[in-house]
Protein chains: 2
Amino acid sequence: MKGIKRLAQHLDISIGTVSRALNGKPDVNEETRKRVLDAAAKLGYAPNQAGRSLRRGTTNAIGFMIETNEETEANSDNFFLGVIAGLTGALLRHNLDLVVLPCSVNEDPHDYLQRIVARRLVDAVIISATQREDRRIDLLKAAHVPFIALGRTGGPDEHAWIDLDFEGVAHEAVARLVARGHKQIAVAIPDTDINLGYVFRDAFIDALARHGLTVDPSFIIRARSSEHGGYTIGNAILAMEDRPTAVVLVYEMMAIGLYRRLNEAGLTPGQDLAIVGFREGPQSQFLSPALTCFRMSLRDLGIGLAEGLLATMPDYADLYPAGPMHKLWPMELVEGESDGMVIDR
Amino acid sequence: MKGIKRLAQHLDISIGTVSRALNGKPDVNEETRKRVLDAAAKLGYAPNQAGRSLRRGTTNAIGFMIETNEETEANSDNFFLGVIAGLTGALLRHNLDLVVLPCSVNEDPHDYLQRIVARRLVDAVIISATQREDRRIDLLKAAHVPFIALGRTGGPDEHAWIDLDFEGVAHEAVARLVARGHKQIAVAIPDTDINLGYVFRDAFIDALARHGLTVDPSFIIRARSSEHGGYTIGNAILAMEDRPTAVVLVYEMMAIGLYRRLNEAGLTPGQDLAIVGFREGPQSQFLSPALTCFRMSLRDLGIGLAEGLLATMPDYADLYPAGPMHKLWPMELVEGESDGMVIDR
DNA sequence: CTGAAAGCGCTTACAG
DNA sequence: CTGAAAGCGCTTACAG
């Protein structure tokens, strides 16, 4: 005998009453409820999730799908832990558990998500690393699974999403550089099909245009999102006949490798090449010269995602009545010295 | 109508036969099986996990409990993504899904795990960030939930565990420093109750003893496991009347802050103070001077954990017949210049 | 080789 | 206020 039956037998009442007492239903004698709660705590009883899910049709779990690959492993993952901390905190208020669902490199993300969804492992989903064309969106819509995307896609966007304010970053970075006399500005974006690369590139081109500048196609540099990628960006720039005087990076880790490549060539970041990084990381201030970059709260982003997701879930939508969230997450400039140089006009 | 019933109705056969076909049971007509598999693929059918779990008593999911706090958020988390990648790959071979269970800072880790276990959310558990006294071990033993610990505890250790080879690192680091003439060697450990701090401290003291050295208690410096902690380590060392000539760090991120503090004081790492870091990170080689540290494969560690865990699970133990795994994970020296100085004797 | 039926642990109308 | 019973979606002995 186990589970609720054991508890009921131990108390010599029916399992129905035990269930009602535990679930805070009215119409339970307060003394009975107290006995049940005490016994449950003493015996460490918690309802079997499979039984409960089967009956209720919900799991009380929210899935956060992340993808592990060589790059995220080495880099962006301190991104996720902060977001996860915010998510768990916000979901806990509604007794929802966050389960992180890591998709193996060996598996197609779409197939992975399809399996998760079909098995009804979670009630709602947060997806990340959105691609330019992301079939997961269609899958989730078709399955009527509430979801929010961390990142935009190239497709229609009636669904809820939050994305970093790549436009704001591109405009602020370009404005700073132009004010210091730069006209030859390059941008470094990922060499994958992740959508943020396209978003950032377009925002960058647009920012240049506002200052009457056009972009040299060779100044759009695709590289791995890692310190090694930064090193190859350095290679690419050094190999150019007509070099840019400034570069804007979409990943902060790129800065580390770029600094190294410049140092090897006897050049000084911030003096021979102006550099603006992306998100502030632990190493940003410790690089020499300090990297100019942008700050954000990962934890608040996690809370924002949780609230945006809850608004799409029928059971919680009335508490978060904003409708599908479309939000550009602001990032705040952190001035360093990596873009301090001034170009003579 | 949904789930297996819908599939059965669509094919005009019984749900029992559908189930047997999908689960690869013998005694199913091969043509029937093919029809079932085709229809399942076409309709995107996957068995509802709650129904399956309830009937089978297993969930096919493995939980990896991690704790999010300010420090892990900022630092060690690129640790986890690599381990997760290894875990997912190894578990996928047995059609087991990894779900990462992040315990909120607002919740007691023991209570969190108890809830997870009682609800039977997963079949087996990997715990991390083991404390000196870790009641989660007793909980898992009492509940007869297969588990493996990433990290030792101060208590009995009949259970399966894998831990980093702190002893090997301490001995190799101390041997290098002693060979260069250092006698005044400090160690930096976390200021929390996480067990690795005690393990590393003891290993360090033992390593010194092998060279006939004793440790000055003030040379055992407790600090936050972050770049900020490294900065405070610098403060502590600079404030000492009789300063150490070398320091061994238990967290690589500490090096960044320590470098900065030394630079601010006009001192040069590797020249005025020898530094040995712990795990090699993306920044290790890019620090100047390059940090002497230790290399390991996170992915292999994840695979090791998966195999160690599977060996404790009745259904898989015959495939991994090693018995409870007790393993010190080796780390390989990466020579930098941060400990290059030689002390005149 | 297939179907009918039991039962996994819950929650919840329903009857009293 | 409580108990008895149905049923969520599966899997699996059992019967044929």
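So you know, we letter chains A, B, ... as the sequences are listed, proteins then strands, and number each from 1.
- Figure legend. D/dA13 is base-paired to no nucleotide; pairs are counted as Watson-Crick or G-U wobble with both atom distances under 3.5 Å.
- For C/dG3, one of the phosphate oxygens OP1 or OP2 lies less than 4.0 angstrom from a side-chain nitrogen or oxygen of B/Thr17.
- Between the C1' atom of C/dT2 and the CG atom of B/Asp12 lies a distance of 13 Å, rounded to the nearest Å.
- The backbone N or O of A/Ala50 lies less than 3.5 Å from a partner atom in the side chain of A/Asn48, making a donor-acceptor pair.
- The nearest whole Å value for the distance from the CG atom in A/Leu11 to the C1' atom in D/dG3 is 15 Å.
- Pairing for C/dA4 is absent, judged as Watson-Crick or G-U wobble with the two contacts each under 3.5 Å.
- Of the possible donor and acceptor atoms, none in the side chain of B/Thr153 sits under 3.5 Å from a partner among the backbone N and O of B/Glu133.
- Rounded to an integer number of Å, the gap from NZ of B/Lys25 to C1' of D/dC14 is 15 Å.
- Residue B/Ile15 has its side chain nearest to D/dT11 when only D/dT11, D/dG9, D/dT2 are considered.
- Within the structure, the salt bridge (charged side-chain N to carboxylate O under 4.0 Å, His left out) test picks out the following pairs touching residues 82-104 of chain A (sequence neighbours left out): A/Arg93-A/Glu307, A/Asp97-B/Arg115, A/Asp97-B/Arg119.
- Looking at heavy-atom distances under 4.0 Å, A/Asn29 makes contact with sugar-phosphate atoms alone, never a base.
- Looking at every heavy atom in both residues, B/Leu54 comes nearest to A/Leu54 through CD2-CD2, 3.3 Å.
- Within 4.0 Å (heavy atoms only), A/Ile13 reaches sugar-phosphate atoms of the nucleic acid but no base atom.
- You'll find the ring centres of B/Phe80 and B/Phe64 inside the 6.0 Å limit.
- If you take CG of A/Asn23 and P of C/dG9, they are 17 Å apart, rounded to a whole angstrom.
- Separating the CZ atom of B/Arg20 from the P atom of C/dG3 is a distance of 8 Å, rounded to the nearest angstrom.
- Contacts between residues 30-57 of chain A and DNA chain D, defined by a heavy-atom separation below 4.0 Å, involve A/Thr32, A/Leu54, A/Arg55, listed by number.
- Rounded to an integer number of Å, the gap from NZ of A/Lys2 to P of C/dC8 is 10 Å.
- Counting only heavy atoms from C-beta on, A/Ser19 has its side chain closest to C/dT12 among D/dC1, C/dT12, D/dG3.
- Taking the centre of each ring, A/His94 and A/Tyr320 come in below the 6.0 Å mark.
- In this structure, A/Gln9 places its CD atom 18 Å from C1' of D/dT2, rounding to the nearest Å.
- In this structure, the CZ atom of A/Arg119 is 11 Å from the P atom of D/dT11, given to the nearest Å.
- For residues 45-66 of chain A, the set of pairs meeting the salt bridge (charged side-chain N to carboxylate O under 4.0 Å, His left out) definition, not counting sequence neighbours, is empty.
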